[in-house]
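Below is one structure, written out as structure tokens, with a few remarks after it.
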Amino acid sequence: MDELKVFCPATIANISCGFDVLGVALDSVGDEMVVRKTKEKGIKITKLIGQELPLETNKNVAGVAAVALLDAIGYREGFEIEIYKKIKAGSGIGSSAASSTGAVWAINELLGKPFSSLDLVKFAMEGEYLASGVHHADNVAPALYGGFTLVRSYEPLDVIKINTPDKLYATVIHPQIEIKTSDSRKILKTSITLKDGIKQWGNVGGLVAGLFIEDYELIGRSLEDHIIEPIRSILIPEFNKVKSESIKAGALGGGISGSGPSIFALSKGENTANDVAEAMRNVYKNIGINFDVHVSKINPQGIKTID
Ligand code: ADP
């Protein structure tokens with residue numbers, strides 16, 4: 001096998017209380033990539049369709065992540081990469097993570113899988129560092145493992161795959177304003193109060209438990225963020241209205257997707273997720289900002305090969 005075409009899912013990171021640690025992979029939104037072995041050693045990005053992004057290996061997250069993998073095997077192999085972008089960069093649904101994980105996952109397959117998923121997370125995190133200046137794993141982990149993932153620890157890196165209840169759907173609205181991850185990090189405080197910490201880790205525990213025991217009400221109650229959301233939501237037009245209307249339409253809860261501007265809601269069942277999409281559209285339709293709305297089942301598998 002010398003060539004592979006892959007689907008690289010969009011992901012929601014920073015799931016409410018799970019800033020930098022909880023993420024989930026989507027099913028109906030994602031990029032496509034073709035990765036091909038070459039005689040020449042190294043990584044070349046030969047095509048990038050759908051977005052204005054750099055083709056240079058060291059400026060594209062796919063190139064940087066792939067080089068991190070090649071470095072680990074002594075830079076003995078060569079690959080060319082075609083990227084078909086469907087996820088808009090800076091959308092908050094893991095555009096950079098889709099490219100960096102797609103590259104390393106496909107190369108690992110073409111090499112006969114010398115690396116574990118955890119190794120691939122580490123390589124892909126180099127791409128995230130290029131995109132945001134931080135080695136965060138909460139988008140790349142769900143893209144590689146599928147479903148919900150928890151980054152229990154960064155040092156050492158410890159990623160746990162969490163059960164995905166079958167009826168869980170995500171609705172995401174992407175207002176087409178750009179908020180760079182690097183900018184939305186700058187506005188965050190660097191310390192929290194013990195009181196806020198207690199609320200937050202109670203909710204993280206509740207959310208993880210709710211996902212494992214498939215208790216949708218508990219999932220909903222736990223989708224609360226007292227630390228990041230109050231600060232970052234100021235950057236997102238109509239955030240509070242989108243959230244409250246989503247809940248009125250039946251969503252279990254929601255929050256900021258990644259570092260925004262996308263807003264997500266989780267629902268039990270596809271019909272409710274579609275009602276939530278309609279409620280989100282109704283909030284945004286008269287405010288003069290273009291937007292996309294996605295409804296997606298949770299993707300239990302992560303990156304996969306396609307024909
Ligand atoms: P998202 O949360 O959607 O991933 P980020 O702001 O974190 O958005 O990342 C997008 C940044 O990464 C942009 O500055 C973009 O130019 C850069 N970038 C480099 N290569 C890629 C790529 N292949 N796909 C997406 N973004 C890329």
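Excluded from the calculations below are hydrogen atoms, water molecules and symmetry mates; all remaining heavy atoms, backbone and side chain alike, are included. In listed order, ligands and their atoms are each counted from 1.
- Looking at R36 and E80, a side-chain N of the basic residue comes within less than 4.0 Å of a carboxylate O on the acidic one, giving a salt bridge.
- The side-chain heavy atoms of H136 and N139, taken from C-beta on, include a pair separated by under 4.5 Å.
- The closest approach between a heavy atom of S91 and any atom of ligand 1 is below 4.0 Å.
- By the 4.0 Å heavy-atom criterion, S132 is excluded from the residues contacting ligand 1.
- Under 4.0 angstrom from ligand 1, the non-hydrogen atoms of L53 all belong to its side chain.
- Relative to the ring axis of Y216, K268 places its NZ or CZ within 45° and under 6.0 Å from the centre.
- Residue I83 has no nitrogen or oxygen atom sitting less than 3.5 Å from a nitrogen or oxygen atom of ligand 1, judged on distance alone.
- Looking from atom 1 (P) of ligand 1 to the surrounding protein, the closest heavy atom is S95 N, 3.6 Å.
- At a 4.0 Å heavy-atom cut-off, ligand 1 does not touch E128 at all.
- Ring planes of H135 and Y129: parallel class, angle under 30° (limits at 30 and 60°).
- The distance from ligand 1 to the heavy atoms of K85 drops below 4.0 Å at these ligand atoms: 24 (N), 25 (C).
- For the pair N108 and D119, the minimum side-chain heavy-atom distance is 4.5 Å or more.
- For atom 6 (O) of ligand 1, the closest non-hydrogen atom of the protein is T181 OG1, 3.2 Å.
- Exactly one of L150, T164, I162 qualifies for a side chain to side chain contact (heavy atoms under 4.5 Å, CB included) with L211. That residue is I162.
- Short contacts between ligand 1 and S96, defined as distances under 4.0 Å to a heavy atom of the residue, involve ligand atoms 4 (O), 7 (O), 9 (O), 25 (C).
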Could you tabulate the donor-acceptor pairs under 3.5 Å formed by side-chain atoms of residues 16-27, not counting sequence neighbours?
{"residue": "S16", "atom": "OG", "partner": "G254", "partner atom": "O", "Å": "3.1"}
{"residue": "D20", "atom": "OD1", "partner": "R185", "partner atom": "NH2", "Å": "2.7"}
{"residue": "D20", "atom": "OD2", "partner": "R185", "partner atom": "NH1", "Å": "3.3"}

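- Assignment of K59 to the shell around ligand 1 is supported, since a heavy atom sits closer than 4.0 Å.
- Distances from atom 13 (C) of ligand 1 to the protein include no heavy-atom value under 4.0 Å.
- Counting only heavy atoms of the protein, atom 21 (C) of ligand 1 lies nearest to V61 CG2, 3.5 Å.
- Near G92, the atoms of ligand 1 lying under 4.0 angstrom from a non-hydrogen atom of the residue are 2 (O), 3 (O).
- With 3.5 Å as the limit, one finds a donor-acceptor pair spanning the side chains of E128 and S96.
- The residues E32 and K86 are annotated as salt-bridged, a charged nitrogen and a carboxylate oxygen being separated by less than 4.0 angstrom.
- Side-chain atoms of T272 and D275 include no donor-acceptor pair closer than 3.5 Å.
- Remark: ligand 1 atoms within the under-4.0 Å shell around heavy atoms of A131 are 9 (O), 11 (C), 12 (O).
- Remark: ligand 1 and G90 share an N or O pair separated by less than 3.5 Å (distance only, no angle test).
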